[in-house]
There are 2 protein chains.
Amino acid sequence: MNAGLAPVRPESLAAQVCNALKDAIFAGRLQPGEALRELHLARSMDVSQSTVREALVQLERIGLVVREQNRRTTVTSFTKREVRERLEVRMALEEMAAAKAAVNLTREDLAALEGLADRIERAANRGDHFDYVQADIRFHRVLWQHSGSAVLATTLDQLTTPLFAFLSVLHSAELKDLRTAKPHERLVAAIRSRNEQRIRKEIRAHIQGSYGRFLSSDEETLDEFAAGGIRNVNGRGGSRKRR
Amino acid sequence: MNAGLAPVRPESLAAQVCNALKDAIFAGRLQPGEALRELHLARSMDVSQSTVREALVQLERIGLVVREQNRRTTVTSFTKREVRERLEVRMALEEMAAAKAAVNLTREDLAALEGLADRIERAANRGDHFDYVQADIRFHRVLWQHSGSAVLATTLDQLTTPLFAFLSVLHSAELKDLRTAKPHERLVAAIRSRNEQRIRKEIRAHIQGSYGRFLSSDEETLDEFAAGGIRNVNGRGGSRKRR
DNA sequence: AGAACAAGAATTATCGATAATCGATGGAAC
DNA sequence: GTTCCATCGATTATCGATAATTCTTGTTCT
């Protein structure tokens with residue numbers, strides 16, 4: 001009787017608020033380090049404080065904001081060190097996921113991946129940083145979801161979502177030239193080959209390529225990096241001291 | 001001026017509720033699959049529903065409960081498959097953490113580890129399942145925290161906490177004989193040797209030893225497994241059907 | 001009996017208001 | 001000038017009440 005209809009279950013208000021904020025963060029309308037005040041958000045989005053609050057807790061779980069007890073909650077701002085740490089763990093798991101996915105992916109899946117790689121390519125050519133990152137996320141999510149391990153998929157998701165967010169603002173802040181060596185195409189080719197070693201190698205190269213510039217720079221926090229020379233919005237962010 | 005006093009910041013009500021529930025889950029007073037009703041908990045713990053609600057969200061983040069939109073929230077009950085998935089990811093990361101920690105651990109740290117290994121040993125001998133698991137957690141946390149990667153530590157924590165919880169109820173349910181081949185002592189010895197391969201090997205052996213019985217059994221969910229033959233509390237739990 | 005439907009009970013989601021906490025500011029005491 | 005203290009505005013934490021949803025049960029109609 002079921003004709004492939006997904007069960008409809010409208011999002012809760014809190015989830016909607018959460019998504020709206022997530023988009024704002026990815027789009028850079030909320031900058032790393034910026035404070036999110038519950039009542040302000042509640043008023044401007046026309047919901048109650050508790051709803052916003054719950055959304056913020058969700059965002060904290062995703063890693064996009066940091067809540068400080070009795071103080072405030074701010075958009076996550078990574079130190080270089082933390083980006084490195086995340087990338088290290090990510091690489092290990094991403095390799096695992098890609099190797100597993102290579103076994104499971106059908107011809108259609110591979111075609112879908114190439115579609116995404118193509119979309120990424122086009123976004124890069126026209127300098128659309130936002131769409132670039134969105135498609136990039138989807139590309140990787142496809143791999144994760146076909147790894148056959150839900151745990152692996154969600155772990156990677158948690159680990160990576162904030163990285164993507166900051167990669168996004170990072171790119172647009174420095175007007176990075178996105179046209180690189182078609183890393184996604186290369187990756188798909190590697191997966192097609194079903195050669196585990198080759199896949200692992202491409203994964204590493206791919207990830208390192210995306211973050212290399214930041215990791216080899218000297219700025220301590222990502223928002224300082226993004227702000228470098230371009231903007232200095234209003235004295236917030238990145239001003240807390242290193243000991 | 002500072003004489004090593006930690007900054008005092010009393011836990012929020014929600015956090016207290018969260019901890020209380022966590023303990024109850026670890027102690028088995030809340031069984032896998034059991035439903036947690038917000039208002040009931042609020043009344044019995046004398047806080048408001050919202051506070052309980054927030055605590056439940058926190059617990060969900062840790063992975064100890066599952067919240068279903070507009071329905072209910074239940075204590076997490078893993079399928080065998082999910083336990084396997086978690087263990088697989090865990091092993092990869094735990095190896096990484098142990099290898100890194102081996103470089104950083106001081107003589108004092110190693111002594112602390114041996115203290116914990118000893119405590120585990122004693123708990124095993126007197127059949128104290130609860131303390132066994134608590135010390136086991138601490139043991140591993142020490143390793144994670146000395147890995148030098150906060151990301152690695154929190155990822156492992158998220159991944160593993162629910163496993164420990166269910167290991168705990170599992171053990172006490174089946175009155176497992178805890179006296180095994182002193183895996184923690186072996187692990188400490190391996191770390192002392194600073195031999196990466198040996199460390200990785202012991203880590204794998206250690207983890208597989210803890211879960212081997214469950215992974216090779218036939219029951220589908222952990223609570224069915226725990227309930228097998230011993231109790232059948234009151235018809236709840238594990239009754240939702242496989243398709 | 002079985003399907004369709006209609007209350008009714010139970011539970012979660014959301015709200016608006018109050019309490020607790022924090023950080024800044026400014027003045028008094030030394 | 002610096003330390004201490006009091007106060008105030010802003011923000012988060014918690015509460016109690018209401019709205020919306022889901023689940024259950026009972027009834028009617030076939």
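Convention: sequence-line order gives letters A, B, ...; per-chain numbering from 1.
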Engineer: When the distance from CG of B:Asn70 to P of C:dA10 is rounded to whole Å, what number comes out?
Structural biologist: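 The distance from CG of B:Asn70 to P of C:dA10 comes to 18 Å, rounded to the nearest Å.
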Engineer: Quick check: A:Phe78 with A:Phe166 (ring centres under 6.0 Å apart)?
Structural biologist: yes
Engineer: Could you state the atom-to-atom distance from CD of B:Gln49 to C1' of C:dT12 in whole Å?
Structural biologist: 7 Å
Engineer: Look at all strands and tell whether B:Leu36 reaches a base, only sugar-phosphate, or nothing, counting heavy atoms closer than 4.0 Å.
Structural biologist: sugar-phosphate
Engineer: Could you tell me whether B:Glu88 and A:Lys100 have a side-chain N and a carboxylate O separated by less than 4.0 Å?
Structural biologist: yes
Engineer: Expressed in angstrom and rounded to an integer, what is the separation of B:Gln69 atom CD from C:dT11 atom P?
Structural biologist: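 After rounding, the reported distance stands at 18 Å.
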Engineer: Indicate whether OP1 or OP2 belonging to C:dT11 is found under 4.0 Å from a side-chain N or O atom of B:Arg37.
Structural biologist: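 Checking C:dT11 against B:Arg37, a side-chain N or O does come within under 4.0 Å of OP1 or OP2.
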Engineer: Just by distance, no angles: are the side chains of A:Glu11 and A:Gln16 close enough, under 3.5 Å, to form a donor-acceptor pair?
Structural biologist: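 Checked: A:Glu11/A:Gln16 side chains show no N/O donor-acceptor pair below 3.5 Å.
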Engineer: Would you indicate whether the side-chain heavy atoms of B:Thr76 and B:Pro162 approach each other to under 4.5 Å?
Structural biologist: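 Sidechains of B:Thr76 and B:Pro162: no contact.
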Engineer: Contact list please: residues 50-59 of chain A against DNA chain C, heavy atoms, distance less than 4.0 Å, in numerical order.
Structural biologist: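 Within residues 50-59 of chain A, the residues near DNA chain C are A:Ser50, A:Thr51.
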Engineer: How close or far is atom C1' of C:dT12 from atom CG of B:Leu39, stated in whole angstroms?
Structural biologist: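 After rounding, the reported distance stands at 8 Å.
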Engineer: Are any side-chain N or O atoms of B:Asp131 and backbone N or O atoms of B:Ala123, one a donor and one an acceptor, separated by less than 3.5 Å?
Structural biologist: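 No, because the side chain of B:Asp131 does not come within donor-acceptor range (under 3.5 Å) of the backbone of B:Ala123.
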Engineer: Which two nucleotides bound the region of DNA chain D that has atoms under 4.0 Å from heavy atoms of chain B, read 5' to 3'?
Structural biologist: D:dT14 to D:dC23
Engineer: Is there a donor-acceptor pair under 3.5 Å between the side chain of A:Thr154 and the backbone N or O of A:Val151?
Structural biologist: yes
Engineer: Hey, does B:Leu13 reach any base, or is it just sugar-phosphate, or nothing, if we go heavy atoms under 4.0 Å?
Structural biologist: sugar-phosphate
Engineer: Given that B:Pro10 and A:Ser12 both sit by DNA chain C, which one's nearest nucleotide is further toward the 5' end?
Structural biologist: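 Taking each residue's closest nucleotide, the earlier one in sequence belongs to A:Ser12.
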Engineer: Could you give the CG-to-C1' distance, from B:Leu41 to C:dT12, as a whole number of Å?
Structural biologist: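 Going from B:Leu41 (CG) to C:dT12 (C1'), I get 13 Å.
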Engineer: Looking at B:Arg67 and A:Glu54, does any basic side-chain N land under 4.0 Å from a carboxylate oxygen?
Structural biologist: yes
Engineer: May I have the step-by-step check of side chain to side chain contact (heavy atoms under 4.5 Å, CB included) for B:Ile120 and B:Tyr132, ending in yes or no?
Structural biologist: CA-CA 5 Å; B:Ile120 293 171; B:Tyr132 181 93; 3.5 Å; yes
Engineer: For residues B:Leu116 and B:Ala135, report the shortest heavy-atom separation together with the two atoms involved.
Structural biologist: CD2-O, 4.3 Å
